[in-house]
Chemist: 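My questions all concern the structure below.
All heavy atoms count here, side chains included; hydrogens, waters and symmetry mates do not.
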Amino acid sequence: AQTVTQSQPEMSVQEAETVTLSCTYDTSENNYYLFWYKQPPSRQMILVIRQEAYKQQNATENRFSVNFQKAAKSFSLKISDSQLGDTAMYFCAFMKHLTGKSTFGDGTTLTVKP
Amino acid sequence: SQTIHQWPATLVQPVGSPLSLECTVEGTSNPNLYWYRQAAGRGLQLLFYSVGIGQISSEVPQNLSASRPQDRQFILSSKKLLLSDSGFYLCAWSPGQFNEKLFFGSGTQLSVL
């Protein structure tokens, strides 16, 4: 079975600063995907960024980037130039390649302060 | 384009009453379908997933059941709700062949009183 651990229940950052959210996971699978999802107060799950496990290159999406360390089973999210709209709960998730079954961490509540 | 519909958005039900939550996907065929539950302040827990009509896998023992009567329809049910069934329920789908990402519905907040 897979586990996903987010060790930071809450974090805060000043607007325009950079923040990094941590995530570690445990699996015996070799082919999988890793995700960061954002859940604002509306509770809609929004995909932030996705990483294929077979790719060594770290994924980036505008202000969002990841540091994927496969051997260490670590998958952190860096948010640059933080904006007030980034305030939300962020979930790290692991997806099995064949079934699409996903395991989620317990989330990190991020507050961006003006 | 593909869309996912989930309803109702909120539901308040008494203990012991039945439950039926429905989810439908448009614009794709043969999706994998999922039901997740989110407790307050926690992550998502996978309850059921389905790779085809009539094919349901349960991930955790519980008071709930799921059915897939049509290719793009997924239903979460209970015959008698318990207080512990309260939570935020999310339906999701992934492209069945590739399963590269999940697409979520808008969720149902269920309160059992």
Side-chain angles (χ1 to χ4, degrees), chain A residues 1-11 21-25 29 31-55 59 61 66 75 88-111, chain B residues 2-11 23 25 28 30-52 55-60 66 68 74 87-111:
Chain A
Q2 285 65 234
T3 59
V4 177
T5 302
Q6 293 179 248
S7 58
Q8 305 152 315
E10 296 181 1
M11 291 195 72
L21 308 184
S22 302
C23 173
T24 59
Y25 61 95
E29 304 276 334
N31 292 325
Y32 53 88
Y33 300 99
L34 294 167
F35 302 85
W36 280 97
Y37 286 91
K38 170 184 177 181
Q39 189 180 43
S42 68
R43 305 191 80 173
Q44 177 70 49
M45 293 292 284
I46 301 167
L47 177 63
V48 175
I49 199 164
R50 181 183 72 139
Q51 175 79 43
E52 292 104 324
Y54 64 86
K55 286 188 177 179
E61 287 287 341
V66 298
F75 183 61
M89 197 156 191
Y90 287 81
F91 292 98
C92 178
F94 170 102
M95 175 188 270
K96 278 188 172 183
H97 173 64
L98 289 179
T99 63
K101 291 167 58 178
S102 298
T103 302
F104 286 76
D106 280 340
T108 296
T109 300
L110 175 67
T111 302
Chain B
Q2 304 94 352
T3 56
I4 178 169
H5 302 280
Q6 184 181 344
W7 68 94
T10 59
L11 191 60
C23 171
V25 181
T28 188
N30 301 316
N32 282 3
L33 297 172
Y34 311 86
W35 278 111
Y36 285 88
R37 177 168 60 199
Q38 184 179 24
R42 301 293 302 274
L44 279 64
Q45 180 186 35
L46 180 62
L47 302 177
F48 300 96
Y49 79 99
S50 172
V51 298
Q55 301 178 60
I56 309 295
S57 295
S58 175
E59 292 298 298
V60 293
R68 185 170 176 174
F74 206 24
F88 187 61
Y89 290 83
L90 283 157
C91 180
W93 73 276
S94 65
Q97 186 175 0
F98 300 105
N99 294 316
E100 293 184 338
K101 59 178 70 173
L102 282 175
F103 300 89
F104 286 91
S106 53
T108 297
Q109 178 63 51
L110 172 66
S111 300

Chemist: Please flag which part of B/Gln109 lies under 4.5 Å from any non-hydrogen atom of chain A: side chain, backbone, both or neither.
Modeler: side chain

Chemist: Which answer fits A/Gln6, side chain, backbone, both or neither, if we ask what part of it has an atom under 4.5 Å from a heavy atom of chain B?
Modeler: neither

Chemist: B/Thr108: what forms a side chain to side chain donor-acceptor pair (under 3.5 Å) with it, not counting sequence neighbours?
Modeler: B/Gln6

Chemist: Is the shortest heavy-atom distance from the side chain of A/Gln39 to the side chain of B/Phe104 under 4.5 Å?
Modeler: no

Chemist: Under the salt bridge (charged side-chain N to carboxylate O under 4.0 Å, His left out) rule, what pairs show up with a residue in residues 40-49 of chain B, not counting sequence neighbours?
Modeler: A/Asp106-B/Arg42

Chemist: Compare every heavy atom of B/Tyr36 with every heavy atom of A/Lys101, then report the nearest pair and how far apart it is.
Modeler: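 Nearest heavy atoms, A/Lys101 then B/Tyr36: C-OH, 4.5 Å.
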
Chemist: In terms of heavy-atom proximity below 4.5 Å to chain B, should A/Arg50 be classed as side chain, backbone, both, or neither?
Modeler: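 Just the side chain, heavy atoms under 4.5 Å.
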
Chemist: Which atom pair, heavy atoms only, marks the closest approach of A/Met95 to B/Lys101?
Modeler: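 Minimum heavy-atom separation between A/Met95 and B/Lys101: CE-C, 3.7 Å.
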
Chemist: Where do B/Leu102 and A/Gly100 come nearest, in terms of heavy atoms and distance?
Modeler: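 Nearest pair, atom of B/Leu102 first, then A/Gly100: CD2-O, 4.3 Å.
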
Chemist: Can you tell which of B/Leu90, B/Leu46, B/Leu44 has the highest number of heavy-atom pairs within less than 4.5 Å of chain A?
Modeler: B/Leu44

